[in-house]
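Written out below as structure tokens is the structure these notes cover.
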Amino acid sequence: MSDTALPTFRAATEEAPLLRIVLIAVVVAGLAVLVFAPLAVVFAEALKDGWLAAAQSLGNRDARSAIRLTLMITAVAVPANAAFGIAAAWFITKFDFRGKAFLITLIDLPFSVSPVVAGLCIVLLFGANSAIGGWLVAHGWPIVFAIPGIVLATIFVTFPFVARELIPVMIEQGRDEEEAALTLGASGWRTFRTVTLPNIRWALLYGTLLCTARAMGEFGAVAVVSGKIRGQTATMPITIEMLYNEYLSVAAFSMAALLTALALVTLLLKTLLEVTHADQLAAIRRH
């Protein structure tokens, strides 16, 4: 019998070359339309009158106030959410109790609730017409239309990010190492500092970066609770809207370009973290 050539088979999980090219082209086209083109427009509009005009628009008093307020709110909200995320992940993964699934659902609540609704709830709870808000206003501690309300809104919108990154990592790691440390006489704080924290540090940093990016760009909830007071409670996203509605396009797009640059820096840090510590972040990818 003469040898006959065996047919070649393509792996079941391998796409045909033509289909692969089409899929890649669709993804690249989608990214170009939805991501790269808007970014290019933002920076082009910001610089259409030159670098000097863009710098001057960012140097006026209201713009500086918006930048400072955004950075300050982020500096308060991100550490608060990091602390909450660590505490929630520790409580959920290290203890068994009834209602654990319900607690995890509550942590995910800001992902499903509109930020505008969250801001409205803060207004109804702490506004001047409510019992709590009226008492606070009477004693000189206003929440709504003031910085505390913006902080609360930002914390609410961003608090799931750190917890949701830590919970799957800590579930996969289990409790053996902490229990061994406690058995050997280590205190709870020392166990956390020397055992738990080193194991979750990259997931914690990953979640913190995501939280930072969302905190800087939050608009809906902050717009409801801030009152959009120029120079006082107007953050960078709110200032962008105000400037654009006033047909100050260069100033609006310059502020948008700065906010975009901050987001891109956060994205770059996240990408570097993914590249340099892929093994430590593998647990996050599996959940």
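Since the structure is predicted, the reported quantities are computational estimates derived from the model, not experimental observations.
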Derivation of the side-chain contact (heavy atoms from CB on, under 4.5 Å) call for M236 and I67:
CA-CA 6 Å; M236 292 176 69; I67 296 170; 4.1 Å; yes
Roughly how far apart are [X] [atom1] and [Y] [atom2], rounded to 0.5 Å?
X    : Y    : atom1 : atom2 : answer
F161 : L166 : CZ    : CG    : 13.5 Å
L125 : L120 : CG    : CG    : 11.0 Å
F219 : I240 : CZ    : CD1   : 9.5 Å
L209 : L268 : CG    : CG    : 10.0 Å
N81  : T158 : CG    : OG1   : 4.0 Å
L152 : C121 : CG    : SG    : 12.5 Å

Of all heavy-atom pairs between [X] and [Y], which one has the smallest distance, and what is that distance?
X    : Y    : result
D62  : G231 : OD1-CA, 3.9 Å
D108 : R164 : OD1-CD, 3.0 Å
I155 : A80  : CD1-CB, 4.0 Å
P142 : P148 : O-CG, 3.7 Å
T93  : I167 : CG2-O, 3.6 Å
S130 : G127 : OG-O, 2.7 Å

Given the rule in the side-chain contact (heavy atoms from CB on, under 4.5 Å) test, do M170 and I200 qualify, once you have shown the distances and angles that lead to the verdict?
-> CA-CA 7 Å; M170 296 177 72; I200 66 172; 3.7 Å; yes
Would you say the side chain of [Y] lies within less than 4.5 Å of the side chain of [X], judging by non-hydrogen atoms?
X    : Y    : value
E165 : T208 : no
V224 : I122 : no
M242 : L248 : no
L243 : F253 : no
S249 : K48  : yes
P237 : L259 : yes
L210 : R214 : no
N129 : L124 : no

Could you state whether [X] and [Y] fall into the same hydrophobic cluster, counting links through intermediate Ile, Leu, Val, Met, Phe, Trp or Tyr residues with side-chain heavy atoms under 4.5 angstrom apart?
X    : Y    : value
F84  : V157 : yes
M216 : I73  : no
L184 : V195 : no
Y244 : F43  : no
I132 : V144 : yes

Working for side-chain contact (heavy atoms from CB on, under 4.5 Å), residues S226 and I238: CA-CA 9 Å; S226 67; I238 293 174; 3.3 Å; yes
Under 3.5 Å, which donor-acceptor pairs link side chains of residues 109-118 to any protein atom two or more places apart or in another chain?
unit_1: S112; atom_1: OG; unit_2: L109; atom_2: O; d: 3.0
unit_1: S114; atom_1: OG; unit_2: V116; atom_2: N; d: 3.3

Under 3.5 Å, which donor-acceptor pairs link side chains of residues 28-42 to any protein atom two or more places apart or in another chain?
none

Applying side-chain contact (heavy atoms from CB on, under 4.5 Å) to I171 and I92, what does each step give before you reach the verdict?
CA-CA 9 Å; I171 288 176; I92 289 172; 5.6 Å; no
Kindly say whether [Y] contributes a backbone atom to a donor-acceptor pair with the side chain of [X] at under 3.5 angstrom?
X    : Y    : result
E218 : A221 : yes
R64  : G59  : yes
R201 : P198 : yes
N60  : S57  : yes
S65  : R61  : no
K100 : F95  : yes

Q) For the side chain to side chain contact (heavy atoms under 4.5 Å, CB included) test, which of V225, V137, L136 pairs with F126? A)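 The side chain to side chain contact (heavy atoms under 4.5 Å, CB included) with F126 is passed solely by L136 among V225, V137, L136.
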Checklist entry - Is the number of heavy atoms from other residues, nucleotides or ligands under 6.0 Å of N245 CG greater than 12? => result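 Correct, the count exceeds 12.
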inquiry  = Are there over 12 heavy-atom neighbours, none belonging to R190, within less than 6.0 Å of that residue's CZ?
reply    =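 For R190, atom CZ is not crowded (no more than 12 foreign heavy atoms under 6.0 Å).
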| request: Kindly state each residue pair satisfying salt bridge (charged side-chain N to carboxylate O under 4.0 Å, His left out) with at least one member in residues 65-89, sequence neighbours excluded. | output: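 Sorted result for residues 65-89: empty, none.
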> F97 and F91: aromatic ring centres closer than 6.0 Å?
Replying inline: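 They qualify: ring centres under 6.0 Å apart.
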